[in-house]
Amino acid sequence: MNLIPNTPRITPELVAEHGLKPEEYAHFLKLIGREPSITELGIVSAMWNEHCSYKSSKVWLRTLPTKGPQVIQGPGENAGVVDIGDGLAVVFKMESHNHPSFIEPYQGAATGVGGILRDVFTMGARPVAALNSLRFGDCHHPRTRRLLAGVVAGIGGYGNSFGVPTVGGSVGFHKRYNGNILVNAMAVGLAKTDEIFYAAATGVGRSIVYLGSKTGRDGIHGATMASAEFGADAEEKRPTVQVGDPFAEKLLLEACLEIMQAGCVIAIQDMGAAGLTCSAVEMGAKGDLGVDLDLDAVPCREAGMTPYEMMLSESQERMLMVIAPGKEAEAEAIFRKWGLDFAIVGKTTDTQRFVVRFKGMVEADLPIKELGDEAPEYCRPYVETPRRPVIGPVDIRVTLSVADALERLIASPELCSKRWVWEQYDYLIQGNTVQRPGGDAAVVRVDDGPKALALTTDVTPRYCEADPFEGGKQAVAEAWRNLTAVGATPLAVTDNLNFGNPEKPEIMGQFVGCVKGIGAACEALDFPVVSGNVSLYNETNGEAILPTPTIGGVGLIADLDKAMTLDFKASGEALLLIGKTTGWLGASAFLATICDREEGAPPPVDLIAEMRNGDFVRHLIHDGIATAVHDVSDGGLLVAIAEMAMAGQMGAALDGAPEGLDPYAYWFGEDQARYLVTVPGGQAQEVLRKAGASGIVAAKIGKTGGERLILPDDRPIVVEALRDRHETWLPIYMGAS
Amino acid sequence: MKARVIVTLKSAVLDPQGKAIEGALRSLGVAGVESVRQGKVFDVELIGNDRASAEAALKDACEKLLANTVIETYKVEFAD
Amino acid sequence: MKARVIVTLKSAVLDPQGKAIEGALRSLGVAGVESVRQGKVFDVELIGNDRASAEAALKDACEKLLANTVIETYKVEFAD
Amino acid sequence: MKPAVILFPGSNREHDVARALKLVAGATPSVVWHAEQELPKGTDLVVLPGGFSYGDYLRCGAIAARANIMDAVRAHAQRGGLVLGICNGFQILCEAGLLPGVLVRNARLRFVCREVVLRVERADTAFTKAYRKNDLIRIPVAHGEGNYTADESTIKQLEKEGRVAFRYARHDGRIDETDGPNGSINGIAGIYSEKFNVLGMMPHPENYIEPEIGPTDGRALFESLAGALKAA
Ligand SMILES: Nc1ncnc2c1ncn2[C@@H]1O[C@H](COP(=O)(O)OP(=O)(O)O)[C@@H](O)[C@H]1O
Ligand SMILES: [Mg+2]
């Protein structure tokens with residue numbers, strides 16, 4: 001065996017360029033007992049960077065609840081797997097593509113969607129839905145429009161072509177995202193419970209096969225970039241963006257599902273960040289095996305690629321598989337039919353070493369387990385975010401009337417209709433979309449029914465900034481509530497934790513607070529975390545994004561006949577408010593938008609009340625009593641009522657604020673654990689009685705009907721006009737230049 | 001004054017379109033094509049006749065809008 | 001041998017993309033642009049060195065695939 | 001009824017249309033790979049489904065229009081056989097010369113997925129017998145390139161021969177090009193061939209067939225086909 005080439009020599013500068021800290025490099029030296037080759041340095045830098053190793057977050061992620069009778073596979077695989085009965089499982093995960101999308105919005109977002117879809121079909125699931133959660137800078141910032149247009153076009157461009165319906169998500173704006181936008185993409189698939197595929201290789205001497213598109217010099221250092229704080233030299237790092245090919249991915253999907261069906265696959269891993277390196281190491285390490293790769297066999301797009309480049313390339317639409325013995329020819333025939341590359345690039349060994357060969361030389365020979373297990377793990381110092389004072393109505397001066405404030409809020413960047421965005425996504429393809437974007441949660445029928453999945457993404461960064469713990473709880477609670485509002489039983493969540501630089505104790509404090517909050521809420525609501533992703537270093541010139549732990553929630557509707565929507569259905573129905581209203585204005589949309597003040601403690605989340613109120617509402621839906629349901633979130637009670645009115649194109653006559661409550665606080669406060677429910681007039685009393693008997697605060701607050709929202713002490717609000725304002729803010733913003 | 005701007009993908013960047021076209025030409029029996037890369041062309045009509053200022057304006061246009069220099073390069077040509 | 005095929009919209013055909021770019025350039029403050037029309041360019045690598053047969057092959061490629069002659073015209077250029 | 005759905009690399013609404021044929025017309029279509037030379041024996045309806053054949057690279061439908069199987073489709077159409085192209089299928093039919101004109105980028109330059117109102121222009125073809133003339137139906141569109149374009153004489157001829165199948169309309173039935181989803185001339189959403197046996201349309205009737213999912217105005221198209229082919 002030829003010796004590992006040692007040119008160039010590994011200097012401290014080279015080590016630093018690879019993002020390794022001196023002590024991390026020293027640890028690596030001790031592990032291998034000699035100076036590494038440049039390829040080995042590349043491999044370890046990919047494995048040990050934040051993105052792949054989760055070195056700053058791992059200790060905290062371990063605290064999240066991940067188990068439950070419904071959970072088939074929790075975090076650790078390409079995606080989480082949850083049982084939905086009848087031999088079927090839902091497979092889902094969310095992932096960020098923040099940095100690439102800032103640099104090249106179309107391709108960055110497109111490849112983000114491609115990556116997460118791959119995670120899902122790698123597990124043997126056919127993708128049935130996609131969602132996304134987006135955050136942009138201030139709408140007055142010069143780059144915001146183009147970033148928004150590019151990201152949305154990219155998400156649509158990939159998902160529409162691939163053929164998955166994009167059914168939901170969220171869009172927000174805040175100046176703290178001026179230099180770091182967020183693009184979080186979620187994919188959801190369906191698989192048979194006994195046909196789930198995993199990454200762990202088994203068996204010695206089996207063929208490792210490379211599938212999909214050819215390898216180019218795409219995104220080399222990409223994984224490193226995704227973890228490095230942006231400086232003014234972002235432009236320099238530009239060529240690291242990859243171009244997506246949704247057409248190739250669609251073929252890859254069909255080919256993968258076909259060879260899985262044919263029984264050819266023992267283990268499978270997609271090539272995502274740090275491509276061949278991460279996928280090969282994970283396959284071997286998870287299976288307690290070694291991996292021997294022969295890079296001469298790797299299909300390359302460009303001439304003269306070095307082993308270093310091949311190992312670190314992030315070219316898209318590629319997979320690595322361990323093939324069942326004797327099945328190579330059958331698998332290859334299937335891939336050729338779909339016009340994809342297929343090459344045997346290595347084999348499994350019993351050495352537990354990761355060996356990479358090229359042109360007769362050994363380019364790398366590393367202990368495979370240690371590459372993963374011995375990755376640095378930090379318990380970074382943190383300081384808790386200081387508590388903010390509680391803001392009461394007396395602290396707030398408002399000149400607008402309640403009606404005027406509603407009109408302003410409903411047409412604000414945060415709360416306006418996002419139709420301009422989601423109409424660029426094909427939300428109907430596959431023919432199973434029961435509830436489209438625009439409701440509380442998307443509803444997607446499972447095969448031919450009667451079951452359906454409910455899907456949502458949620459987070460309120462304003463709250464997380466004000467109080468990470470309560471904010472983390474709230475993100476989970478809101479997802480749970482949105483699923484409940486469409487009649488679903490919440491099953492499990494995926495999360496995408498977007499934060500600034502964890503080496504700063506204040507940022508780490510935000511991270512820790514949010515994770516603790518998420519953990520507490522998931523525990524209390526029986527809503528385990530089954531997959532997720534962490535994106536740190538979202539900072540530019542020292543300014544971090546708002547802490548943004550996006551939660552993707554999945555729920556199950558046993559019978560589509562029992563699904564619920566938020567639009568007012570008939571006039572003369574009673575409008576009921578479930579849950580307690582104290583008029584909490586701190587950190588509210590009202591305070592931010594109308595008063596231009598981002599202050600105060602956010603509304604606390606009473607998890608017991610969440611559970612109790614949600615279960616009550618779900619029963620009202622299942623018993624066929626509720627005719628419309630909407631949760632109360634951003635913007636408070638009146639915004640939620642307006643949303644129901646606009647969707648149903650019907651007004652309501654509303655009672656005034658209860659005695660002792662400030663009207664602004666009543667109409668726009670953001671107390672949690674609340675729902676609006678309509679029931680036929682005659683049933684209101686009985687529902688309120690039942691609520692009271694269960695210790696639930698509930699009240700009749702109005703009656704549906706007419707074309708206007710009638711407030712007792714204010715001018716009437718014409719629903720159609722409100723809808724017009726709500727619908728036109730974003731199109732006008734995007735059209736105006 | 002007329003000018004033409006040609007925007008092409010940098011050579012290391014994947015060109016899925018070109019790849020698909022290559023395959024299609026091959027199966028249509030068009031002979032002798034080894035590779036295809038697709039780009040964009042912009043035919044621009046400019047006010048005035050000052051070549052230097054036109055060149056500056058087009059360079060500006062490319063940097064700001066017509067090309068994404070992360071993945072593309074551009075070239076300005078004049079008809080003359 | 002290298003060749004370049006340029007496919008442009010016939011002048012009677014509306015070009016909304018070109019129009020949009022005109023507008024965007026104006027609002028970006030790029031001066032002096034009167035009109036823009038967008039087309040496609042294909043950079044083709046051909047086997048062999050015979051110009052005449054290359055030209056024939058490319059014409060074939062254009063007629064069969066690269067241009068939709070309902071709305072587009074094409075032109076073949078050689079590098080040299 | 002013996003339908004065949006053609007599958008190109010990148011097609012993605014083949015299951016949707018197969019489900020519609022099954023649920024509404026009671027026929028399970030055979031799926032034919034683009035590289036085949038022939039249609040299954042006895043095929044009486046060819047469907048080109050929606051999607052992004054060959055990624056819609058170059059021009060939408062352009063590469064698929066030159067696939068092997070298209071010669072068989074052309075021969076089937078020449079014999080008077082029925083051909084339905086939906087969305088990408090319509091684009092392919094135009095590129096293949098089975099229908100005149102071409103579909104270009106939407107006037108607003110964005111992909112658009114939304115429900116539109118269509119006016120049924122005639123109810124005497126194999127595709128529309130179960131509708132009534134001037135019916136206003138709700139059907140979704142989902143495309144980035146659905147802007148129907150042809151030269152003036154072609155448009156004149158289409159109009160004169162009554163070959164416009166559906167137009168984008170307002171809720172009151174009026175046609176206004178600027179209101180449509182894509183800027184199509186005369187609000188054209190679908191057209192017939194000279195002998196009315198080939199229909200290309202951008203909207204997706206196959207996605208509006210089940211009450212659990214939404215409106216069901218797409219059913220009548222498949223009912224019409226089932227009726228026409230039973231009678232034949
Ligand atoms: N990026 C997006 N993609 C798809 N749908 C979106 C997107 N942004 C918002 N929506 C849809 O708009 C509706 C309102 O969003 P949001 O206000 O975040 O809902 P909620 O408060 O119920 O979580 C939801 O149905 C959501 O799915
Ligand atoms: Mg909601």
Side-chain angles (χ1 to χ4, degrees), chain A residues 126-128 149 152-167 244-255 337-340 419-437 443-445 447-450 452 559-561 563 731 734-735, chain D residues 7-23 31 33-35 49-58 60 63-64 86-88 106 108-116 139-145 181 203-216 218:
Chain A
R126 181 176 281 279
V128 297
V152 170
I155 291 172
Y158 207 99
N160 299 347
S161 174
F162 177 83
V164 66
T166 301
V167 295
D245 183 355
F247 172 57
E249 178 123 320
K250 165 76 172 156
L251 304 182
L252 190 59
L253 162 75
E254 299 299 342
K337 178 183 112 189
W338 288 101
L340 297 166
R419 181 185 300 274
W420 185 91
V421 170
W422 52 256
E423 277 196 345
Q424 294 186 57
Y425 307 148
D426 188 341
Y427 47 81
L428 292 174
I429 187 162
Q430 297 189 11
N432 287 321
T433 307
V434 180
Q435 275 194 51
R436 322 166 164 200
V443 176
V444 175
R445 183 175 61 176
D447 294 335
D448 291 325
D559 184 351
L560 262 181
D561 281 350
M734 290 309 294
Chain D
L7 187 61
F8 300 96
S11 296
N12 62 24
R13 263 192 169 83
E14 70 275 15
H15 295 297
D16 303 34
V17 79
R19 178 192 260 151
L21 285 164
K22 181 140 185 284
L23 288 182
V31 175
W33 186 238
H34 68 105
F52 287 68
S53 56
Y54 296 93
D56 269 3
Y57 298 146
L58 184 60
C60 47
I63 300 180
I86 302 172
C87 199
N88 194 228
N106 293 349
R108 289 188 191 89
L109 303 176
R110 293 190 301 272
F111 187 97
V112 57
C113 180
R114 75 160 72 120
E115 181 179 298
V116 296
I139 303 281
V141 293
H143 60 248
E145 299 177 74
H204 289 285
E206 75 276 28
N207 283 135
Y208 266 17
I209 51 159
E210 295 175 90
E212 301 94 295
I213 300 295
T216 55

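Naming convention: chains lettered A, B, ... in sequence-line order (proteins, then strands); numbering from 1 in each chain.
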Side chains of D:Asn88 and D:Arg13: is there a donor and an acceptor less than 3.5 Å apart?
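Result is no, nothing qualifies.
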Measure [X] against the heavy atoms of chain D and call it side chain, backbone, both or neither at under 4.5 Å.
X        : result
A:Leu251 : side chain
A:Ser161 : both
A:Asp561 : neither
A:Leu560 : side chain

Toward chain A, the part of [X] with a non-hydrogen atom under 4.5 Å:
X        : result
D:Tyr54  : both
D:Arg114 : both
D:Glu210 : side chain

Between [options], who has the most heavy-atom pairs with chain D when the cutoff is under 4.5 Å?
options                      : answer
A:Asn432, A:Val434, A:Asp426 : A:Asp426
A:Lys250, A:Lys337, A:Glu423 : A:Glu423
A:Asp245, A:Ile429, A:Leu428 : A:Ile429

Is [X] reaching over with its side chain to a backbone N or O of [Y], donor-acceptor style, under 3.5 angstrom?
X        : Y        : result
A:Asp447 : A:Gly449 : no
A:Tyr427 : A:Thr433 : no
A:Gln430 : A:Pro127 : yes
D:Asn106 : D:His143 : yes
D:Asn12  : A:Asn160 : yes

Sort out for me which of D:Arg108, D:His204, D:Glu212 touches chain A most, counting heavy-atom pairs under 4.5 Å.
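Winner by heavy-atom pair count: D:Glu212.
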Among D:Ala142, D:Ala35, D:Pro9, single out the residue with the greatest number of heavy-atom pairs under 4.5 Å to chain A.
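Counting heavy-atom pairs under 4.5 Å, the top option is D:Pro9.
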side-chain contact (heavy atoms from CB on, under 4.5 Å) partner of D:Val17, the single match among D:Asn207, D:Ile209, D:Ile86:
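The passing option is D:Ile86.
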Non-hydrogen side-chain atoms of A:Tyr158 and A:Glu249 separated by less than 4.5 Å:
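Yes, close enough: below the 4.5 Å cut-off.
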